[in-house]
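The model shown is predicted, which means the values in this text are computed figures rather than measured ones. Counting starts at 1 for both ligands and their atoms, following the listed order.
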Amino acid sequence: MTETVQRTFSPTPEEVAKFHERGYLGPFKVYEEDEMRRIWRRERLRLMNRDNAVYDEGDAQAGNTNIANYDRHLDSQFLADHICHPRIVDRVTAVLGPSVLCWRSEFFPKYPGDEGTDWHQADTFAFASGKPQILWPEEEKEFGGTITVWTAFTEAAEDTGCLQFIPGTHRTMFYDESKGMHYQPDKINESRKGDVNRGFYGYDYRDLQKDPDWRPPEERAISMVMRPGEAVMFWSTMMHASKPHSAMDKEMRLGFAGRYVPTCVAVYPDTDDVDEYGGRISLKDYGAVLVAGVDTYGHNRKVTATTRGYTFPAR
Ligand SMILES: O=C(O)CCC(=O)C(=O)O
């Protein structure tokens, strides 16, 4: 008789408790380093072909960053497998419950010489577009935000732009996303820059501070140094940032973020397009992906296969 071994990557109750206390879990391994390097060498070339991408590149690409790299899991088989990877989904469901959607993915590239990402927290993700992108139900009001699983596709070191977290900050929002920010990629206001060279992709996140005189408690910041193939899971409402890429002789650092919510959350409510970072994408071909469980709410448009016909391997 063949014995089937059911592997599970669920965190222990102690790890889950730590996640609730600190707002993050990891880093943990998703791929071996050489496997990640091999995969990425192949996939970066495949992803250059946007024939089946859900967003039109011309509309999405503008300014010094772009939203064209959103949601490539909807056309790439590797990324479709990645967002459903058991090493990720088992950890996400341990926190969000059995029925979970992946509603967004994003690449975060940093090239040698690039500034770091400024300190921020995200609750409804209305900060740039002015419209909430995720809304938790009224009865779950104490919650908000999304679980992000950020995977290092290349090395994320102190000098190549690793993430930074301020643990335990995920229950209090220091920013008001409804204040709105202006996209001003050419405006460099040195007087607002701190000791570390950081920015927010053409916005100044400090415009959203509830108290303009407040400063992030950076003395409590920790660095998430990660090898290629490692991932970290965190609440988007936890204060997070990244360091500049200051090592001119090193490769670019590339993070890939998958964002997850339980099925009770409404994704892009009453929204047909997303207008941010100087670009605009239409949601006509968009769908959230059920990566685990069942959706008894039916709030959200979903897709079960990529635009190339590959079925998402949901848990
Ligand atoms: O990779 C970065 O620099 C920022 C990532 C981030 O803010 C996020 O994944 O939410």
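- The aromatic rings of Tyr277 and Tyr70 sit perpendicular to each other, their planes meeting at more than 60°, with 30° as the lower class boundary.
- Residues Asn300 and Tyr286 form no side-chain contact, since every pair of their non-hydrogen atoms from C-beta on lies 4.5 Å or further apart.
- Between Glu115 and Arg198 there is no salt bridge, since no side-chain nitrogen of the basic residue lies less than 4.0 Å from a carboxylate oxygen of the acidic one.
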Expected rows: ligand 1 N/O, protein N/O, dist below 3.5 Å:
from, atom 1, to, atom 2, distance (Å)
ligand 1, 1 (O), Trp150, NE1, 3.1
ligand 1, 1 (O), Arg253, NH1, 3.2
ligand 1, 1 (O), Arg253, NH2, 3.0
ligand 1, 3 (O), Thr117, OG1, 2.6
ligand 1, 3 (O), Ser242, OG, 2.8
ligand 1, 3 (O), Arg253, NH2, 2.8
ligand 1, 7 (O), His120, NE2, 3.0
ligand 1, 7 (O), His240, NE2, 3.4
ligand 1, 10 (O), His240, NE2, 3.2
ligand 1, 10 (O), Arg259, NH1, 3.1
ligand 1, 10 (O), Arg259, NH2, 3.2

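- At a threshold of 4.5 Å between non-hydrogen side-chain atoms, the residues Met224 and Pro27 count as touching.
- Qualifying salt bridge (Lys or Arg N to Asp or Glu O under 4.0 Å) partners for Lys210, counting only residues two or more places apart in sequence or in other chains: none.
- Aromatic ring orientation, Tyr175 versus Trp214: perpendicular (interplanar angle above 60°, classes split at 30° and 60°).
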